[in-house]
Amino acid sequence: MPERCPIGFDETLLSGYLDRELTQGETQRVRLHLEDCPSCRALLAELTRLREATRATPFRPPADDQWDERPRGAASFLARRAGWTLIVGWLGAITVFAVWQLARAPEDLWVKVAVFSLAAGPVLLFLSVLADRLRTLRTDRYRRVLK
């Protein structure tokens, strides 16, 4: 591994330079810096070798049956559906019980609001993601794509 740039040059620009993602001004700045900095030239050479090795490495995609996460049979489907139903039901029951206990507790109102807010935040985030997923489920063109 080459040593770090003694001038303090932003070495992240070298990756952008290698990928040709920089603006014309940034590209010119990198070229000028590379003329005077042997450590950055060595780093760029190492990044280039790594990029070439990565591109030359063969990738064998997994078989189609390894991608499929759907239940394989009716019993598996029913067990998964029942499991999720039980989990969601218990979470709902625990939430209702916790809210009921919090409402009956003798603490100050601000303590109740703080505890409720702490619990309600993640629940509201989850419900917003769930609502978005359910809304797009009918029109998702890629729903049946296996790979």
Chemist: According to a hydrophobic-cluster definition based on side-chain heavy atoms being under 4.5 Å apart (Ile, Leu, Val, Met, Phe, Trp, Tyr only), do Leu134 and Leu127 belong together?
Modeler: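 Yes, Leu134 connects to Leu127 through the hydrophobic network.
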Chemist: In Å, rounded to the nearest 0.5 Å, how long is the span from CG of Asp36 to CZ of Phe9?
Modeler: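 Nearest 0.5 Å value for the CG-CZ distance: 11.0 Å.
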Chemist: Rounded to the nearest 0.5 Å, what separation is found between the CG atom of Leu47 and the CZ atom of Arg51?
Modeler: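 Rounded to the nearest 0.5 Å, the CG-CZ separation comes out at 10.0 Å.
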Chemist: Would you confirm whether Ser76, through its side chain, and Gly73, through its main-chain N or O, come within 3.5 Å as a donor-acceptor pair?
Modeler: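 Pair absent, no side-chain N/O of Ser76 close to backbone of Gly73.
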Chemist: Is there a side-chain contact (heavy atoms from CB on, under 4.5 Å) between Val129 and Leu125 once you walk through the steps?
Modeler: CA-CA 6 Å; Val129 170; Leu125 289 174; 5.8 Å; no
Chemist: Got a second to check how far Gln101's CD is from Ile94's CD1, nearest 0.5 Å?
Modeler: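 Between Gln101 CD and Ile94 CD1, I get 13.0 Å after rounding to 0.5 Å.
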Chemist: Roughly how far, to the nearest 0.5 Å, is OG1 of Thr48 from CG of Leu43?
Modeler: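 If I round to the nearest 0.5 Å, the distance is 9.0 Å.
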Chemist: Would Leu91 and Val88 show up in the same hydrophobic cluster when neighbours are defined by side-chain heavy atoms closer than 4.5 Å?
Modeler: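 No; tracing contacts between hydrophobic side chains, which count when under 4.5 Å, never links both residues.
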Chemist: To the nearest 0.5 Å, what is the distance between CZ (Arg81) and CG (Leu86)?
Modeler: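 Rounded to the nearest 0.5 Å, the CZ-CG separation comes out at 13.0 Å.
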Chemist: List the atom of Arg41, the atom of Leu34, and the distance in Å for their closest heavy-atom pair.
Modeler: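 For Arg41 versus Leu34, the nearest heavy atoms are NH1-O, 2.6 Å.
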Chemist: Let me check something: any side-chain donor-acceptor pairs from residues 12-23 under 3.5 Å, sequence neighbours excluded? List them with distances.
Modeler:
from	atom 1	to	atom 2	distance (Å)
Thr12	OG1	Asp10	OD1	2.6
Thr12	OG1	Asp10	OD2	3.2
Thr23	OG1	Glu26	N	3.2
Thr23	OG1	Glu26	OE1	3.4

Chemist: May I have the step-by-step check of side-chain contact (heavy atoms from CB on, under 4.5 Å) for Leu32 and Arg29, ending in yes or no?
Modeler: CA-CA 5 Å; Leu32 289 173; Arg29 185 172 145 221; 6.0 Å; no
Chemist: Of the non-hydrogen atoms in Ala53 and Thr57, which two are nearest, and what is the gap between them?
Modeler: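 Reported closest heavy-atom pair: O-OG1, 2.7 Å.
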Chemist: Got a second to check how far Glu35's CD is from Cys40's SG, nearest 0.5 Å?
Modeler: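 Going from the CD atom of Glu35 to the SG atom of Cys40 covers 13.0 Å.
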